[in-house]
Amino acid sequence: MTANSGTGIAERVTGARRGDRVGDSPARPDGAQKTRGEFAFSSDLWMDGMLWGKTLRSPHVAAKIRSVDTAPALAIPGVRAVVTAADVPGRPTFGLDVPDQPVFASEVIRYHGEPVAAVAADHPEAARAAAAAIFVDYEPLVPVVDPEIALEASPIHPDGNVFRHLVIRHGAPDATGDVVVEGDYEVGMQDQAFLGPESGLAVPAEDGGVDLYIATQWLHVDRDQIAASLGVPAERVRLYLAGVGGAFGGREDVSLQIHLCMLALRTGRPVKMVYARDESFFGHVHRHPARMWYRHHASRDGDLVKVEARIVIDGGAYLSSSNAVISNAACFAPGPYRVPNALVEGYAVRTNNPPCGAMRGFGAVQVCFGHEAQMDKLAAALFMDPVELRLRNALERNDRLVTGQVLRGAVPVREVIRAAASHPLPPPPDPAGPVTARPGGAGATAGPEDVRRGVGFAVSMKNIAYSEGFDDFVTARLRLEAGVDGEAVATVSVATAEVGQGFVTLAAQIVREELGVARVVLAPPSTVDVGSAGSSSASRQTWMSGGALQLACATLRAELVVRAAELWECAATQCLFDDGDVVRAATGERLSVPDLLAPAPLETEHEFHHRPTRALDADGQGDAHLSFMFAAHRAVVDVDPELGLVRVVQIATGQDVGKAINPVQVTGQIEGGVAQGIGLAVMEEIVVTEGHVRNPSFTDYLLPTVLDMPDVLATVIEEPEPGAPYGAKGVGEPPTISSGPAVLAAIRDATGFPVTRAPVRPEDIALTWMRRTS
Amino acid sequence: MPPEGPATARSLGGPADGPAYVQADRYELLVNGTRRTVEDAWLGESLLYVLRERLGLPGSKNACEQGECGSCSVLLDSVVVCACLVLGVDAIGSQVETVEGLSADGDVAEIQAGLVDAGGVQCGFCTPGFVVAVHDLLRRTPLADEMAVREALSGNLCRCTGYGRILEAVRRVQRSRAVSDDSDGSDGGTGDGE
Ligand code: FES
Ligand code: FES
């Protein structure tokens, strides 16, 4: 039962050269500290005289606020300040895309858990009691919680209920196929459930501004939103990245940042805030629930002719990144297949449900459940093998997407499918095996004779980095100097948020590869001395921050060559850089980097932009995306249909990575991403009824444990991507996209039931079983 | 200037006799072999809060504070407990060992190195809890088979790794100990799992 005993990356991981350059797998520079409990996460910070902050949130889904009385809170000993909407000094709203979300609700409550006030007190318990003592007079309203109804309902926000309506028209609208299959699919609301709770420490500064130590995915965009709401110039709001305990999209939006800074400025004292787990469920955006209708047309031979789809995602009360999520959902609605004709309609809708935004794979995850179920249906209708059908229609280089964009980069769709399909299957379920290996695990409720095995397949694609004309860039500075012992030291300053993904490891690998300098130091990321690095999301930092660093290294290499040429009094063209030395071609003389740094350090700063992308036109056509990643997953499951219990036995995958810069870290991204995919397939859902969140705890929102995780057999396909540093694509999102749909396909295979909704709940299987057997 | 790491116990800094909470008399805890005084604490504070916020030991983590994730695992009289579920005052008279204290132990250091080398650490928020749990498991059951390892670690959530590299780290530590045990002729325990 060894994980990763497959081909490809597995051997490379176990036999990995423990070097420290590109393609090696050096250990994380922060790993040892993390294992000893010495790494300072955002919830570990403190300062003398610090206060504790606490938010008051609405118990109602939709309501009018008649009045707020903070006096009872202020009367509690140890309470130093209470702030509400009336105290927001600057812009009363914030938002990643459009500032449509109130810092504190003032007149209207639009979702369960919306912040109304915040308190600072000497002790967290005093803060909690004070928040509870604030008297808010609410007039409950009837919430709008169904996105289809919200489309037509009177607006629940001045900006209206439709965030975005997007249509993609491609090819001949009236084309039809010999074989037509149709289906409705649904995906529930998933939570990022990063383990490090939202937390930070705000310290008032002498210039009237504030220093904020915070766990986030994007320091600069947080800063701009905080500064706007505080009404102070951006340069007086200084953000420093505190240790980030995971993110997965859930830290892209502002949560407690503005509240914390307001409390610090109001009290003149440092204020710390840490969300408890229940508050974390209310404090960040979630993965959009989606409803999808699909109709696929194919020729008798199995060539896709047309895909029609209608996709409605529920954005909840505020916009967040809904516009980009629905764009991804629409653009990738057909999946990684050649589709000559398409009509895709996408809606992102505002409701009184919890706000939804970024989560790993966003947009592509939801539609993958639809397009892959359709491919299986089509295969059945055509009496074709589902893997064959996918291979036959797989995208290739120079094919067009339904947006009209021609694929110019690496498109190894067939390779990832073949890789996933060629892993060995696990042995059949063993009735004599341990009960813990059965569906339902240690509860031993599943009888061995009831267990049915199923195998399912799914393939996916997603864009890397920002799309639709967004000016996506990273600023990076690199300094080279001789250390006290004479050895060269490279210092990297880049505001890239390390959220666990391992950018800190890659950054050092890239500098060592490019400059041959062993000692690489990463300056702590902040907004103080370097420009934006964009968000650690959309699988973009390896390409973007990695690309910025590679450019910076190239500049310094050129300057080292010029220095050497001046010393040798020869032309720079006669010198070349060779692994940490400059060599004079004619004579073979060498000067080391430390030699060349002796007169003065070298420094350079670069702003790296990716190739521009374009907006989609009225027909949803345009080169909207930079590049694409592809993955295939095969799932093997055991199901006890009577009890509706599922055990995922194995996941095999092929993933297009361009280049594995750090194979061990790539494996970690694959396994971790698969876990989140399996979670969405069979366990994880924020249950929302009439707008109320019913399960804001790890007791009721179930995350996969080590007993739920199957063996993962992974093969990476390394076909270099033109324009990307070392040809490397991102790796974080694809494992989360098609792993879940493969599990649903396997459950369909095991049971013969339609299974059109993720996550699959025990009752979805058991009730169908009951109906069919009675 | 970034905040300094925790170093000393802190007091509440204000009157604390309101309806919200009641001050305790000062009490003493034995943490990582050292007597530590907890001043002016509210009786409702969990051991986790006391360790993290009063005794300057934030290594035990606070991912859920409801007993579901294992990130706060400590040894209480040599038994693994969730520090978030134990009141600080309930630990009076017991020996508390946290990840900070355990790090001085060579066996623990081997587990820590294994986790880093195998790629079992990403964001690292679950890591101190896994260090304590793996240490406890291998101390009791050095030769635990894979299913026993999974069962023993199933109370520890990790959201980043999917557990594959953590299991790999445990296997590596077991292998290296088996080799050194062979050379000194001892035989170790066996798995207690199914
Ligand atoms: S913090 Fe104690 S179990 Fe999660
Ligand atoms: S490494 Fe992030 S939770 Fe385990």
Side-chain angles (χ1 to χ4, degrees), chain A residues 1 3-4 27-28 30-32 34-41 43-47 49 76-78 122-123 125-126 129 193-197 201 213 240 244-246 274 276-277 434-436 499-502 524 664-665 667-668 671-675 697-699 703 705-707 709 712, chain B residues 2-3 5-6 10 12-21 42 44 52-53 58-66 68-69 71 98-100 103 112 115-117 119 121-128 131 146-147 150-151 153-154 156-168 171 194:
Chain A
M1 288 249 304
N4 236 319
R28 298 181 64 95
D30 55 10
K34 284 176 172 176
T35 61
R36 290 196 297 260
E38 290 167 2
F39 181 84
F41 289 94
S43 52
D44 298 340
L45 308 174
W46 71 272
M47 252 188 189
I76 291 177
D122 296 341
H123 187 275
E125 184 58 18
F194 40 72
L195 285 202
L201 177 71
Y213 303 88
Y240 304 85
V244 185
V274 181
R277 181 53 54 182
V435 286
T436 31
V499 298
Q501 80 274 39
V664 168
Q665 288 194 174
T667 307
E671 291 170 344
V674 164
S697 74
F698 283 168
T699 313
L703 298 176
T705 71
V706 67
L707 279 171
M709 265 307 281
V712 176
Chain B
R10 281 143 286 146
L12 284 174
D17 53 354
Y21 51 92
W42 174 49
R52 289 175 51 78
E53 304 295 342
S60 311
K61 293 294 170 242
N62 56 328
C64 76
E65 297 187 80
Q66 55 192 178
E68 294 288 349
C69 75
S71 73
T98 72
V99 69
E100 290 96 338
S103 296
Q112 290 166 321
L115 281 166
V116 177
D117 284 348
V121 180
Q122 289 186 30
C123 85
F125 209 80
C126 67
T127 309
V131 167
E146 166 136 352
M147 192 49 96
R150 285 183 186 252
E151 284 189 44
L153 301 183
S154 63
N156 290 75
L157 293 175
C158 174
R159 189 52 159 170
C160 300
T161 66
Y163 309 101
R165 302 301 92 204
I166 294 174
L167 291 172
E168 171 66 16
R171 280 191 291 270
E194 287 272 342

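Every heavy atom of this structure was used, including side-chain atoms; hydrogens, water molecules and symmetry mates were not. Convention: sequence-line order gives letters A, B, ...; per-chain numbering from 1.
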> Any sub-3.5 Å donor-acceptor pair from B:Q112's side-chain atoms to A:T35's backbone N or O?
yes
> What I'd like to find out is whether the side chain of B:M147 reaches to under 4.5 Å of the side chain of A:L707, using heavy atoms alone.
yes
> Is there a donor-acceptor pair under 3.5 Å between the side chain of A:K34 and the backbone N or O of B:V116?
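Side chain of A:K34 to backbone of B:V116, a donor-acceptor pair under 3.5 Å: no, none is there.
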> Would you say the side-chain atoms of B:R159 pair up with the backbone N or O of A:L703, donor to acceptor, closer than 3.5 Å?
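No; judged by distance alone, with no hydrogens or angles, the pair does not exist.
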> Specify which of B:L115, B:I166, B:N62 makes the most heavy-atom pairs with chain A at under 4.5 Å.
B:N62
> Under a 4.5 Å cut-off applied to non-hydrogen side-chain atoms, are A:P197 and B:F125 in contact?
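They are in contact (side-chain heavy atoms under 4.5 Å apart), so the answer is yes.
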> Can you check whether B:A63's main-chain N or O pairs, donor with acceptor, with A:R277's side chain at less than 3.5 Å?
yes
> Would you mind telling me which of A:G196, A:G246, A:G673 has the largest number of heavy-atom pairs within less than 4.5 Å of chain B?
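That would be A:G196.
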> Looking at CD of A:E125 and CH2 of B:W42, how far apart are the two atoms once the value is rounded to the nearest 0.5 Å?
3.5 Å
> Give the minimum heavy-atom separation between A:G37 and B:P128, together with the two atoms involved.
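Of all heavy-atom pairs spanning A:G37 and B:P128, the closest is CA-CG, 4.2 Å.
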> Is any side-chain heavy atom of B:V99 less than 4.5 Å from a side-chain heavy atom of A:R36?
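No, side chains not in contact.
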> Return yes if some donor-acceptor pair links the side-chain N/O of B:Q66 with the main-chain N/O of A:F698 below 3.5 Å, else return no.
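Yes; at least one donor-acceptor contact below 3.5 Å.
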> Does any backbone or side-chain atom of B:L153 lie under 4.5 Å from a heavy atom of chain A? Answer side chain, backbone, both or neither.
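Contact with chain A involves both backbone and side-chain atoms of B:L153.
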> Please look at B:S71 and chain A and tell me whether the side chain, the backbone, both or neither of the residue comes under 4.5 angstrom of a heavy atom of that chain.
neither
> For the interface with chain A, which of B:C69, B:S154, B:C126, B:S60 has the highest count of heavy-atom pairs at distances below 4.5 Å?
B:S154
> I would like to know whether B:R150 and A:T705 meet side-chain contact (heavy atoms from CB on, under 4.5 Å); could you show each step before the answer?
CA-CA 9 Å; B:R150 285 183 186 252; A:T705 71; over 6 Å; no
> Check whether any side-chain heavy atom of B:K61 sits under 4.5 Å from a side-chain heavy atom of A:L195, and report yes or no.
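Side-chain contact under 4.5 Å: no.
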> Are any side-chain N or O atoms of B:Q122 and backbone N or O atoms of A:G668, one a donor and one an acceptor, separated by less than 3.5 Å?
yes
> Where do B:C123 and A:G245 come nearest, in terms of heavy atoms and distance?
SG-C, 3.5 Å
> Relative to chain B, which of A:A40, A:S697, A:A675 shows the most heavy atom pairs under 4.5 Å?
A:S697
> Considering only heavy atoms and a distance below 4.5 Å, find which of A:A276, A:G31, A:A193, A:A32 pairs most often with chain B.
A:A193
> Side chain, backbone, both or neither: which part of A:V244 has a heavy atom under 4.5 Å from chain B?
backbone
